[in-house]
Amino acid sequence: MEKILVVNNDKDTMSLLKELLERKSYNVKYTSNKEECITIAERFKPDIVLVDILQKNCVRDLKINQSTSVIPLILMTGYSWNEKNNEVEVDDIIEKPFFLDQLETIIKRTIAIKKATG
């Protein structure tokens with residue numbers, strides 16, 4: 001079972017994503033706290049992290065931390081990719097609003113790429 005960490009400042013969004021992703025057989029944890037993000041990622045060892053654009057500092061912190069730097073990151077944003085693509089280093093992006101099927105496709109593709117490249 002793949003593990004997903006959701007980092008978002010909106011608790012309703014996190015709860016909804018957790019519930020929907022768990023229905024798809026993912027093991028999900030979530031946080032809105034930047035410092036907690038690193039600690040959870042180190043302990044939980046997620047296969048992927050979904051990060052809201054408003055938590056983009058967490059992306060930087062995950063990428064510079066030696067134990068979390070290889071975890072794929074998907075940025076969730078209400079901005080177009082062209083506006084924000086140079087701000088943070090992510091593996092993929094999904095623009096809001098999105099459908100769960102779209103998100104799951106990106107999650108599966110990103111995890112498959114990680115597994116293929118080691």
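Taking a cutoff of 4.0 Å between a charged side-chain nitrogen and a carboxylate oxygen, Glu2 and Lys115 qualify as a salt bridge. We find that Asp47 and Lys108 are not joined by a salt bridge, their nearest charged nitrogen and carboxylate oxygen being 4.0 Å or further apart.
Here the CG-CE distance, from Asp52 to Met14, works out to 9.5 Å after rounding to the nearest 0.5 Å. Remark: Asn27 CG to Phe44 CZ distance equals 4.0 Å, nearest 0.5 Å. Going from atom CD1 of Ile71 over to atom CD of Glu42 covers 8.5 Å, rounded to the nearest 0.5 Å. Note that CD of Glu95 is 9.5 Å distant from CG of Leu75, once rounded to the nearest 0.5 Å. Taken to the nearest 0.5 Å, the NZ atom of Lys29 stands 13.5 Å off from the SG atom of Cys37. Here the CZ-CD distance, from Arg109 to Glu104, works out to 12.5 Å after rounding to the nearest 0.5 Å.
Under a 3.5 Å cut-off, the side chain of Gln102 and the backbone N or O of Phe99 do form a donor-acceptor pair. Judged by distance alone, with hydrogens and angles left aside, the side-chain atoms of Gln55 form a donor-acceptor pair with the main-chain N or O of Ser32 at under 3.5 Å.
Between Leu50 and the options Asn8, Leu103, Ile94, Leu73, a side chain to side chain contact (heavy atoms under 4.5 Å, CB included) holds for only Leu103.
Residues Met76 and Leu100 fall within the same hydrophobic cluster, defined by Ile, Leu, Val, Met, Phe, Trp and Tyr side chains chained together at heavy-atom separations under 4.5 Å.
A cation-pi contact, defined as under 6.0 Å to the ring centre and within 45° of the axis, is absent between Lys3 and Tyr26.
Counting only N and O atoms by type, the side chains of Asn33 and Thr31 include no donor and acceptor under 3.5 Å apart.
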